[in-house]
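Residue numbers start from 1 in every chain, and the chains themselves are labelled A, B, ... in the order their sequence lines are given, proteins ahead of strands. What's counted below: heavy atoms across the whole structure, side chains too, no hydrogens, waters or symmetry copies.
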Amino acid sequence: MKRIVLLLGCLLLVLAIIKEIRRTRAPQVPVTTSGRVEMCLFCHQEKPAKVHAREVVGCSPCHLGNPLHLDKKLAHRGMVKNPADLRVAERTCGAPACHPEIPARVHKSLMATNRGIITTLRLYWGEISDEKEAFAENDVKALLEKKEASSLALDYYRKLCGSCHLWFEKGKYPGFLGEKGGGCVACHLVPGPREAKHPRLTRKIPLKNCVRCHNRSGRLGLTYQGLYEDEGYGTPYLEGDFGEPFLADGRFVREIPPDVHFKAGLVCVDCHLAEETMGDGRAYTHFEESVEVECTSCHGGDGTTRKGRHIKGVQREGKQLIFVTRMQGKKLPLKPPNPVKCRHSVHQRLSCQACHAPRVPQCFGCHVRKDPREKQLDKLSGRETPGTWEEFRSYQRIDTPTLGVKGEKIVILAPG
Amino acid sequence: MASLLLAILSGLIISYPFREEIPLVSTAGLEGVIPFGALFRSFHYYTAQIAFLLLVWHTVEAILTRGYERRRFFYWVFLAGAYPLFVLILFTGYIIRGDETGLSAGRIAENLTYTLPYLGNLLNRLCFSVSEDGVHRAYLSHLFFSFGLLLVLSLWHFRLRRIKLEDLALWAVLALTLALIWPPSLEPPRYTLHIKGPWFFLGIQELLRYLPPFWAGIFIPLLPVTALIFFPKAPRTCLLGLVVWHLFYFIFLGRGLLR
């Protein structure tokens, strides 16, 4: 017995010595500027931008895992690749020391719930009789808990619209779908320099990030930057190739004069407030309930939205109000509405867009078809389920929009 | 005794690179910088745990063989008194690693001692005082009580028999095996409200959800020690009390483990 125990002891000792020799060891314990242990910094040389500097923040507050271990398996246990994913954002970006109030707001925002799209679709397809019906159910988060659609409209949504929301997992699918979604980083992520080996997080959201989703229906993101989704299928062909540029999803576009704000260097977040994009804590059903900026907030106003919030770019320089663009910091004079044309009594009911949106893409004869024989990817569950949806249209044009009456106002009507 | 001796020897080794003013950096350094640091830390942890479990076994054996009848009451009281002391040593060891759960457990213990009438403040100053002194007091009490326990136990046990090499080897092999398979963890800071203390404390932690701190943290844990002290005087009653207490405690401990 004594010999066996001693022999076993020697064997274990040899094993322990081998394990210790093979163990990765750092020359010293890496700590952040606040003295927090971050062993990750020994192996990982990635450098996020200054605001999330590795020396200050480290890795684990965002990516979780266990920063106290150097052993890869132990250190990476519970780690997340994308800390901004809404499934974990409350523990990462939304941690008490960072941005604690944001995740709860974002969860209720329309970009996370897609409640506007889902509710309207179900209402038009006769699945609900009132907008308030199934309020909680008409939310991406609720739909994610189910593996399959429970109705036709929901099946259509899950297969054709299910990639344009903040719950969509970034990088889950190949191609352009992989670039979409990701929670906070759906908007806030920009590529970093090659040597940094880490993308950058920014509050200067480039147009490209918004247009990754906002490019269908009204085609707002395209028209704004001077692109029109064309039916020319890339013709006329030039030098054996398509004669037109195309989007990441393969749709051809034609260049048209861009919006005047685009030419001035403004991007979406110059006008649209954080409370509009990330939510203000209320659960809305429609886009127009959430949007608070109006043309007159800047043009003729003092930068205050209809909900009383201030647009950051609108600043006072001497006696004059100017607009400072977010991306380049360009100072632009703010032009008030034309006192004769805009203030004329006969134009009082006209919305600004009725005159100032000379070209609006209009898609007529929209219809969809479901082929039950084929299978299609359900973008919420990630599984292929029976039934393929296809969208068709009769024709599309870019033209002066039709005007119509909405409440007290005359607005533009654009079938999309 | 053999396992306790191994725990103290390995504790001596890891105390050399340990600086109590930067406990977590020191522990992380043991794990990832100092050669053989992680191994000695794991070994220290398991030899101490085994020593505690062997103390339990020793007591059970003494009860089953009616060993308490052959011992003087003073020595029996000391055996019973070794329990709170040993738990305190294990608990302070849990605190001084300096990670999130360790320090949180320290703060819980600190607040529990305050509920003890008259002696609470003194006991806190002596053993914890985590919110004021970090792990300093816990570190000192860990060292002092460990050596104290060894010294007093040695006085008694070494008179009876010497520790055999095979005893040392057996417990070393067991601790080494556990150290290689399940190295003790280190918990990083988390923004979660759920903190799990050491395994033996989980029952108390669970009880704290339902009872005031004094009852859950002081009164109920002292019951088995009292029952053990008076075991030679009223064996049947105390045995019943100990069995009921352990059944009751293990239900809460299990619930705490599953959280």
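By the neighbour-count criterion of 12 heavy atoms within 6.0 Å, atom OH of B/Tyr16 is sparsely surrounded, having that number or fewer from other residues, nucleotides or ligands. When the shell of 6.0 Å around OH of B/Tyr94 is examined, it contains more than 12 heavy atoms from other residues, nucleotides or ligands. Under a cut-off of 6.0 angstrom, the local environment of NZ in A/Lys19 is crowded, with over 12 non-hydrogen atoms contributed by other residues, nucleotides or ligands. When the shell of 6.0 Å around CZ of B/Arg19 is examined, it contains 12 or fewer heavy atoms from other residues, nucleotides or ligands. The 12-atom threshold is not exceeded at NZ of A/Lys204, counting heavy atoms of other residues, nucleotides or ligands nearer than 6.0 Å. Few gaps surround NZ on A/Lys307; more than 12 heavy atoms of other groups in view lie less than 6.0 Å from it. The environment of B/Arg259 atom CZ is dense: over 12 non-hydrogen atoms of other residues, nucleotides or ligands sit within 6.0 angstrom. The environment of B/Lys196 atom NZ is dense: over 12 non-hydrogen atoms of other residues, nucleotides or ligands sit within 6.0 angstrom.
Residues B/Pro188 and A/Gly65 come closest through the heavy atom pair CG-O, 3.9 Å. Nearest heavy atoms, A/Ala26 versus B/Val33: O-CG1, 3.3 Å. For the pair A/Leu6 and B/Ala169, the tightest heavy-atom approach, listed with the atom from each and the gap, is CD2-CB, 3.8 Å. In this structure, B/Glu187 and A/Leu68 approach most closely via the heavy-atom pair O-CD1, 3.5 Å. For B/Val173 against A/Gly9, the heavy-atom pair with the smallest separation is CG2-CA, 3.4 Å. Considering every non-hydrogen atom in both B/Gly29 and A/Val29, the closest pair reads CA-CG2, 3.3 Å.
Only the backbone of A/Pro27 comes within less than 4.5 Å of a heavy atom in chain B; its side chain stays farther off. For chain B, no part of A/Leu11 is nearby; none of its heavy atoms comes within less than 4.5 Å. Heavy atoms closer than 4.5 Å to chain A are found nowhere in B/Ile22, neither backbone nor side chain.
Using a distance-only test at 3.5 Å, with no hydrogens or angles considered, no donor-acceptor pair links the side chain of B/Glu31 to the main chain of A/His69.
Taking CG from A/Leu12 and OG1 from B/Thr177, the interatomic distance works out to 4.5 Å, rounded to the nearest 0.5 Å. Interatomic distance, A/Ile4 CD1 to B/Leu170 CG, rounded to the nearest 0.5 Å: 11.5 Å.
The residue from B/Asp99, B/Leu24, B/Leu186 that alone fulfils the side-chain contact (heavy atoms from CB on, under 4.5 Å) condition with A/Val37 is B/Leu24.
For chain B, the option among A/Leu70, A/Leu74, A/Asn66, A/Val31 with the highest count of heavy-atom pairs below 4.5 Å is A/Asn66. When each of A/Arg23, A/Gln28, A/Glu20 is checked for heavy-atom pairs under 4.5 Å with chain B, A/Glu20 comes out on top. The candidate with the highest count of non-hydrogen atom pairs below 4.5 Å against chain A, out of B/Pro35, B/Ala172, B/Ala28, is B/Pro35.
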